[in-house]
Number of protein chains: 2
Amino acid sequence: MTIDSELPGSSTKRASRPRANSLTVRDVAKAAGVSPATVSRVLNGNDRVDEKLRKHVERVADDLGYTPHAAARALASQRSHTIAAVVPSLEDPNFAVGVSALQQALTVEGYTLLIANSNYDEEEELRQVRALAAHGIAGMMLVGAQHSSQVYDLLETRNIPFVNTWVLDKGHPSVGFDNYQIGRTVANYLLDLGHTCFGVVAQRSPRSDRAASRLAGIRAALQERAGYVPHEYVIDRSHRIMDGQHGLRMLLALPDRPTAIICGTDTLAFGVLVEAQAQGLRVPEDLSVTGINDVEFAAHLTPPLTTVRLAVSEVGMHAAEYLLARIEGRPTLPAMSIPFSLIVRGSTGSPKR
Amino acid sequence: MTIDSELPGSSTKRASRPRANSLTVRDVAKAAGVSPATVSRVLNGNDRVDEKLRKHVERVADDLGYTPHAAARALASQRSHTIAAVVPSLEDPNFAVGVSALQQALTVEGYTLLIANSNYDEEEELRQVRALAAHGIAGMMLVGAQHSSQVYDLLETRNIPFVNTWVLDKGHPSVGFDNYQIGRTVANYLLDLGHTCFGVVAQRSPRSDRAASRLAGIRAALQERAGYVPHEYVIDRSHRIMDGQHGLRMLLALPDRPTAIICGTDTLAFGVLVEAQAQGLRVPEDLSVTGINDVEFAAHLTPPLTTVRLAVSEVGMHAAEYLLARIEGRPTLPAMSIPFSLIVRGSTGSPKR
DNA sequence: TTGTAGGCGTTATCAG
DNA sequence: CTGATAACGCCTACAA
């Protein structure tokens, strides 16, 4: 026998709104014979609750399979326990790995990660950041330092901690690589081998400040020791294999033929190797080729690719560390440099000519 | 002159809680000279509001740069406008591309995507699904059909629409490939070429029901026409290049040497090609090799890889379509098969022996 | 240490 | 068509 009609004589009552079919703190409280406040305190760990009571409430909550309503919690506490990452592309394994590491670190700390995709487009990035801000995120990871001023404004007025990644940035907190030094390192290595005429195949710089910094580093190294790379020796298109192939074709058509090709990614370098073979050029005897990233296949190309290894997952880990520290009011470093290393393999050598 | 002290003589007032520093509907309402209810109606589009008033409110909201508070909205409306995807790995370009497509489709419809990573682990997947459920998500995309029963229970009791992807599933809604047919297609193609002794290098089946279905398809085709693949001719490890290399070494050590190797991914096939070259085997004269996925580099290997092209981004698109339809109460199809096609290139041929 | 109750920002019901 | 106003589920200042 059920009694469910003890309610209103008063007809002021409203029609009840559709309710989520899950339990609430009140259900748990009732079941445990305590007040909702106590349940809340237990679940948020940090308050002083009698040890026995705490154990009891925890058990009851667990038995009932209770999970707090994230939105309600966020609304009441003004803290969302949610962090966002906006990356240029999820399909680039580089970013996928970094985001993966970020997520892992955040999950451990009970935070949820929201991932968005800007498609290498500043406008789209702004849209995404806006949407994310509406979700009351507690912090945000961005890629690169080049963002719409409205992005920076929004983040600052809303007081949302953020960190630029994959770059080192003087003006903002950052976790990333010294891309300028990466460029210098590669260029110097090739100069040491005796190369003097260089070609560069990279991603379009306006879309990637990382690529731009590396190019600047390359230019600087060359200028110090052997001149410079003229504009027509820098081919910047996209980042696919066929862009590498096309890039080499362009470079070979130039009057003074380069003996070394510096590529912005391993994928581009793969394209260059493919095209070199198609043109009957021997690598490294006729042409030296370098990549950046040290992706899985780099070591297995013929010849194995000389490239720069980036500790990408460290970017995600340290970004998480930085954001959590900011959110929880702990002290933070303004910038964190992630190491890289030149991996010399068979695709580079002294020019034989 | 401002009057802001007309409030309480009564000291029952509480200390004000920390407020979000952003505007609320009330601010917009005040500025537009209407009630919060009207603002809400305008912003949610669907109600009957006088056209002039609507325009006015829209302008005011826009000028103020108002963005609704997602958590509050979710709490009040019991709809979160958030969808989740749990994938085995974000670093696998396959899933990255699918998720990317899903996100794009959802963003267009004003939904936010939450991405989680199960690391090919059922327990971890359960944890992620639980956390996601707490976030009041409106729907969920899963990979494969093999999930902890608790996952299915949770989704069903909470009444959360979900869709299994990358597979076709009789028991649950799904968007994916007919993996069994993929296996059959590849095997039949090789049988047609005249091969009789096969090796298989794939991902560990218990972790991937996709791999298991494909293997079943392969076995079925062989059994119908030329026997079968003994257990020791199936090498299932992980999915890296070196696993492919190792796999071929194992297979070559077997008494009856296979003339064709079917690989579960292009990456594994790459490994097999590398090892074949190392062993001095000519492909396809001495050994035929196939992959699955048709990733970017497949066409550029030496020899170019025969593989199966999967329309991965369609998986994401149709998953989005399905979930939105369910959420909005529109009719849905129980299962959607995404096309695949065999791409024949240079890594396969008739056995010369 | 525990309970009570007001409010977080929005939506949706009801009355006008 | 518009305006009050009661929830939504939780947290936290305050009282006990």
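- One finds a side-chain N or O of A:Thr38 lying less than 4.0 angstrom from the OP1 or OP2 phosphate oxygen of C:dG3.
- Note: CG (A:Asn44) to P (D:dA13) measures 13 Å, nearest angstrom.
- In this structure, NZ of B:Lys30 is placed 14 Å from C1' of C:dG9, rounded to the nearest angstrom.
- Using a 4.0 Å cut-off, no side-chain N or O of B:Arg73 falls inside it from OP1 or OP2 of C:dG9.
- A close approach under 4.0 Å does occur between a side-chain nitrogen or oxygen of A:Arg79 and OP1 or OP2 of D:dT12.
- Per the geometry, NE2 belonging to A:His81 stands 12 Å off C1' belonging to D:dC11, to the nearest Å.
- Here the C1' atom of nucleotide D:dT5 and the CZ atom of B:Arg41 are 12 Å apart, to the nearest Å.
- Which of D:dC8, C:dG3, C:dC8 sits closest to the side chain of A:Val34 comes down to C:dG3.
- In this structure, the nucleotide among C:dA5, D:dA4, C:dT10 sitting nearest to the side chain of B:Ser35 is D:dA4.
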- [ ] Tell me, with the steps shown, if B:Arg158 and A:Thr67 meet side chain to side chain donor-acceptor pair (under 3.5 Å).
- [x] CA-CA 12 Å; B:Arg158 295 256 198 155; A:Thr67 33; 2.4 Å; yes
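- Remark: A:Gln78 is not in phosphate contact with C:dG7, judged by side-chain N or O atoms under 4.0 Å from OP1 or OP2.
- When the nucleotides D:dG3, D:dC10, C:dT4 are ranked by their closest atom to the side chain of A:Tyr66, D:dC10 comes out on top.
- Sorted by first then second residue, the salt bridge (charged side-chain N to carboxylate O under 4.0 Å, His left out) pairs that include residues 60-89 of chain B, not counting sequence neighbours, are B:Arg59-B:Asp63.
- Separating the CG atom in B:Leu154 from the CG atom in B:Asn159 is a distance of 11.5 Å, to the nearest 0.5 Å.
- Fit an axis to the five pairs at each end of the helix from C:dT1-D:dA16 to C:dG16-D:dC1 and the two axes sit 40° apart, to the nearest 10 degrees.
- Summarising the geometry, the separation between CZ on A:Arg26 and C1' on D:dC10 is reported as 11 Å, rounded to the nearest angstrom.
- Applying the 6.0 Å contact sphere to CD of A:Gln104 captures no more than 12 heavy atoms from other residues, nucleotides or ligands.
- A straight line from CG of A:Leu43 to C1' of C:dT2 spans 16 Å, rounded to a whole angstrom.
- Closest to the side chain of A:Ser40, out of D:dC10, D:dT2, D:dC11, is D:dC11.
- Applying the ring pair (Phe, Tyr, Trp, His ring centres under 6.0 Å) test to every pair with at least one member in residues 124-148 of chain A, sequence neighbours left out, gives these pairs: A:His147-A:Tyr152.
- Scored by the salt bridge (charged side-chain N to carboxylate O under 4.0 Å, His left out) test, B:Asp153 finds no partners at all (sequence neighbours excluded).
- Contact annotation for B:Pro68: backbone-only contact, meaning every heavy-atom pair under 4.0 Å involves sugar-phosphate atoms and none involves a base.
- Residues passing the salt bridge (charged side-chain N to carboxylate O under 4.0 Å, His left out) test with B:Glu328 are B:Arg330, sequence neighbours excluded.
- Pairs passing the ring pair (Phe, Tyr, Trp, His ring centres under 6.0 Å) check and including a residue from residues 102-122 of chain B, sequence neighbours excluded, read B:His81-B:Tyr111, B:Tyr120-B:His239.
- Side-chain proximity of A:His69 to D:dG3, D:dG9, C:dG3: nearest is D:dG9.
- Here D:dT2 is the nucleotide among C:dG9, D:dT2, C:dC8 with the atom lying nearest to any side-chain atom of B:Val49.
- For the OP1/OP2 pair of C:dT11 and a distance below 4.0 Å, the side-chain nitrogens and oxygens of B:Ser77 include no atom meeting the criterion.
- Regarding A:His56, its NE2 atom lies at a distance of 16 Å from the C1' atom of C:dT1, rounded to whole Å.
- Toward the 5′ end of DNA chain D lies the nearest nucleotide of B:Leu53, the other residue of the pair B:Leu75 and B:Leu53 mapping further downstream.
- For the pair B:Arg54 CZ and D:dT2 C1', the interatomic distance rounds to 13 Å; values are reported in whole Å.
- In the set C:dT4, C:dT10, D:dC10, the nucleotide with an atom closest to the side chain of A:Ala72 is D:dC10.
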